[in-house]
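Have a look at the structure below before the remarks.
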Amino acid sequence: MKWKHAGALMFMALIVQAMSACAGSSNNGSSSESASSPSASAGTSASPSSSSPAAAPSSSSGEQVTLRIMDWADSEKSYREQFIKDFEAKYPNIKIEYTLLTVDQFQNTILTAIKSGDAPDLFPIPATMKLSTAVKEGWYQPLDAYIDDAFKSSFVDGAFTEGTTMLDGKVYSIPALAGVPSTLVFFNKKLFQEAGLDSNKPPKTYSEFRDAAKKITAAGKGKYYGIIEGGKQIGRWKLAATEWSALAGSGFASESPVSLKDGQASYDSEAVLGVFDLFKGLKQDGSYHPKTMSLSAPEARALFAEGQAGFIVQGEWNVGTWTKNNPNLDFGVMAPPVPDAGQKGYLPRSTYAPWIGMSASTKHPEEAAIYLKEYFSKEYQSVLVQNGDRFSILKDVNESSAEIAQFKQYYEIVQQYSRLVPSVAVRNPGASAVMASFKDPKPGLGDILQGVVAGSLKDPAAPLKQLSGQIDKALDAAIDQAKAGGAKVDRSDFSFSNWSPDKDFSAEDYQALK
């Protein structure tokens with residue numbers, strides 16, 4: 001394939017955790033993620049190649065097949081278009097029909113498609129759904145009959161784990177990318193300068209962040225503002241509240257509806273309220289771009305790239321998009337701000353989460369498997385890393401392929417400010433049955449934060465306290481239901497007494513709990 005690469009700068013080795021997902025976080029905002037082949041370097045071609053251990057033999061039926069794929073990997077759009085073009089050239093009997101949506105659009109569209117019996121052949125699991133639920137409802141089929149050990153061995157350890165991407169010993173889904181936090185902050189260095197701020201010293205605390213956003217807004221005089229977000233996407237608000245409060249010591253992570261440190265739904269804690277007060281203050285200061293609440297995440301990223309805001313909370317996939325499409329954008333990466341009293345926790349880095357799976361109703365499973373093997377080949381994954389789209393889950397690709405300076409900076413911040421958190425599903429796969437029946441109360445954490453920024457909710461304390469009680473009850477009900485179905489699980493599985501938030505939770509730590 002012929003690829004256009006963004007600049008060639010420095011990078012450091014990526015060390016992937018053994019007990020390794022997205023959700024959203026990574027995956028929660030926008031997109032999905034062996035020494036790389038020399039053919040994947042700038043100025044050369046990197047076509048789908050059967051010489052790769054992740055490649056598959058050509059479809060042998062000779063029949064013309066249309067393979068339908070749907071996801072929300074918008075940052076990958078241009079690379080995927082080229083991938084599909086070259087895939088179809090290599091497999092002329094397979095036509096790819098690719099549908100790209102936003103996260104929120106996808107969640108509604110895929111439900112309608114499945115209910116109507118018109119599901120795509122390949123599609124990711126929605127960020128708000130557990131794999132066990134999707135499998136129970138007949139969405140996906142096991143991949144084991146179509147992927148071999150050579151393919152699976154090309155992934156880092158932990159990519160296929162019971163309770164996350166596997167159920168009852170069978171592989172149902174493949175993760176999209178390395179599980180790094182997607183709520184770091186990007187900032188516009190030019191606007192920093194115009195506002196009298198030092199881009200070499202970005203704000204570190206809540207007060208400093210609020211003050212910087214206020215100064216940028218004042219300097220903009222209506223042309224640009226302190227911060228912009230994709231305000232329509234509830235998932236992004238929830239992720240920001242979850243991960244930023246973890247830095248303040250809440251113990252929350254996307255892995256569980258309750259705090260991992262004590263198993264409590266303490267959404268009205270000081271750590272969470274502090275984050276809400278910060279966002280409320282930004283609203284009161286007029287620092288949010290006036291279009292924020294009407295924007296999707298991709299729309300907000302585009303306006304940030306045009307210089308209409310000083311800050312945006314996003315994931316690593318933006319680096320490649322801006323480097324390619326907005327070469328004049330001078331931007332930096334910073335860690336989320338911490339409370340004025342200091343950092344009390346770390347950003348949660350999750351185990352690998354499920355992403356794409358094969359529809360249980362597909363009539364073309366062999367062709368779908370060919371697509372998966374080409375998509376997760378070193379050749380294509382190297383392209384995504386080189387162009388700053390994501391950190392790959394294939395062995396050796398990150399170490400040999402990343403080139404963009406801000407990509408290196410993003411990962412350095414992740415190393416400093418995040419830790420691998422425990423997973424309830426890894427500790428006890430039976431907990432998957434709990435999450436399959438758990439109903440997240442509404443309005444949820446993301447809805448409440450969205451209401452604060454929209455200005456429709458003046459005081460979040462009462463609804464957050466109410467949410468805490470609702471989640472406690474919902475979790476207890478889900479546990480009772482799982483037990484009635486034969487699962488061996490209880491509330492204690494959601495609390496990790498041996499978890500030290502300043503350290504990665506290891507395989508030995510799980511073993512110590514048994």
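None of the values given here were measured: they were computed from a predicted structure. No hydrogens, no waters, no symmetry mates; every other heavy atom, side chains included, goes into these values. Residue numbers count from 1 along this sequence.
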Test ring-ring contact (aromatic ring centres under 6.0 Å, His included) on F83 and Y380 and set out the steps.
CA-CA 8 Å; F83 169 81; Y380 183 60; 4.7 Å; yes
Check: S132/S432 side-chain N/O donor and acceptor closer than 3.5 Å
no
Could you tell me which non-hydrogen atom of S392 sits nearest to which non-hydrogen atom of Q381, and how far apart they are?
OG-OE1, 3.3 Å
Find out whether the Lys NZ or Arg CZ of R419 is both under 6.0 angstrom from the six-membered ring centre of F505 and within 45° of the ring's axis.
no
So do Y417 and Q343 actually touch side chain to side chain, heavy atoms under 4.5 Å?
yes
Hydrogens and angles aside, do S116 and D118 bring a side-chain donor and acceptor to less than 3.5 Å of each other?
no
Distance only, no hydrogens: is a donor on one side chain within 3.5 Å (strictly under) of an acceptor on the other, for E299 and S296?
yes
Side-chain donor-acceptor pair present, Y98, D71, cut-off under 3.5 Å:
yes
So, D502 and S500: side-chain donor and acceptor under 3.5 Å apart, yes or no?
yes
Under 3.5 Å, is there a donor on one side chain and an acceptor on the other for Q264 and S266?
no
So F376 and F155, would you call those rings parallel, tilted or perpendicular, with 30° and 60° as cut-offs?
tilted
D144 CG: over 12 foreign heavy atoms closer than 6.0 Å:
yes
Over 60° means perpendicular and under 30° means parallel, so classify the ring planes of F106 and F123, tilted if in between.
tilted
So F279 and W237, would you call those rings parallel, tilted or perpendicular, with 30° and 60° as cut-offs?
perpendicular
When you check the side-chain N and O atoms of Y411 and Q415, is any donor under 3.5 Å from an acceptor?
yes
Are the side chains of W244 and V313 in touch, meaning some heavy atoms are under 4.5 Å apart?
yes
Would you check if R491 and D472 make a side-chain contact, meaning some heavy-atom pair closer than 4.5 Å?
yes
Check: E97 and L67 side chains under 4.5 Å, non-hydrogen atoms
no
Between T321 and D74, is there a side-chain heavy-atom distance shorter than 4.5 Å?
no
